[in-house]
Amino acid sequence: MTEDRQKFIIDLERLNALNAEGCAACGRKFALGEPVVVACGAWEGGTKVVHENEAVFDRNTQSYVERRCYAARSASAARG
């Protein structure tokens, strides 16, 4: 999956489907027209939709990763 295929704008159908849970990364609800991405993170259940600013695109894995999870991975890798 490429970066562009993992990124989209919230439309009414997605808004209705996703707002019961909200953003897995920050807990806020989504708004119509917001950019979002499909990302992995420290939560259970695989990838989830999060606000674009809550994720980083990891070129090594060609996927989005939730910011805090990405920072933890980077720190862990730096320690060896």
Legend entry - With R68 via side chain to side chain donor-acceptor pair (under 3.5 Å) - residues at least two apart: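 R68 satisfies side chain to side chain donor-acceptor pair (under 3.5 Å) with E66 once adjacent residues are dropped.
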
Inset, instruction - Can you tell me which residue pairs pass the salt bridge (Lys or Arg N to Asp or Glu O under 4.0 Å) test with a partner in residues 55-64, sequence neighbours excluded? - result: E3-R59

Legend entry - Any pair counted as salt bridge (Lys or Arg N to Asp or Glu O under 4.0 Å), so long as it reaches residues 17-27, sequence neighbours left out: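 Non-adjacent pairs meeting salt bridge (Lys or Arg N to Asp or Glu O under 4.0 Å): E21-K48.
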
Name the atoms and distances for all side-chain donor-acceptor pairs under 3.5 Å in residues 34-46, with sequence neighbours left out.
{"unit_1": "E34", "atom_1": "OE1", "unit_2": "A31", "atom_2": "N", "d": "2.7"}
{"unit_1": "E34", "atom_1": "OE1", "unit_2": "H51", "atom_2": "NE2", "d": "3.2"}
{"unit_1": "W43", "atom_1": "NE1", "unit_2": "G46", "atom_2": "O", "d": "2.7"}

Heavy-atom closest pair, residues [X] and [Y]:
{"X": "A55", "Y": "Y64", "value": "CB-CD2, 4.0 Å"}
{"X": "N19", "Y": "F30", "value": "OD1-N, 2.6 Å"}
{"X": "E54", "Y": "C26", "value": "OE2-CB, 3.7 Å"}
{"X": "N53", "Y": "R67", "value": "O-NE, 2.6 Å"}

Only distances under 3.5 Å count here; give the side-chain donor-acceptor pairs of residues 8-18 to other protein atoms, sequence neighbours excluded, each with its distance to 0.1 Å.
{"unit_1": "D11", "atom_1": "OD1", "unit_2": "E13", "atom_2": "N", "d": "3.3"}
{"unit_1": "D11", "atom_1": "OD1", "unit_2": "R14", "atom_2": "N", "d": "2.8"}
{"unit_1": "N16", "atom_1": "ND2", "unit_2": "L12", "atom_2": "O", "d": "3.3"}

Inset, instruction - Indicate yes or no for a side-chain donor-acceptor contact from Q6 to the backbone of Q62 under 3.5 Å, with no hydrogens or angles considered. - result: yes

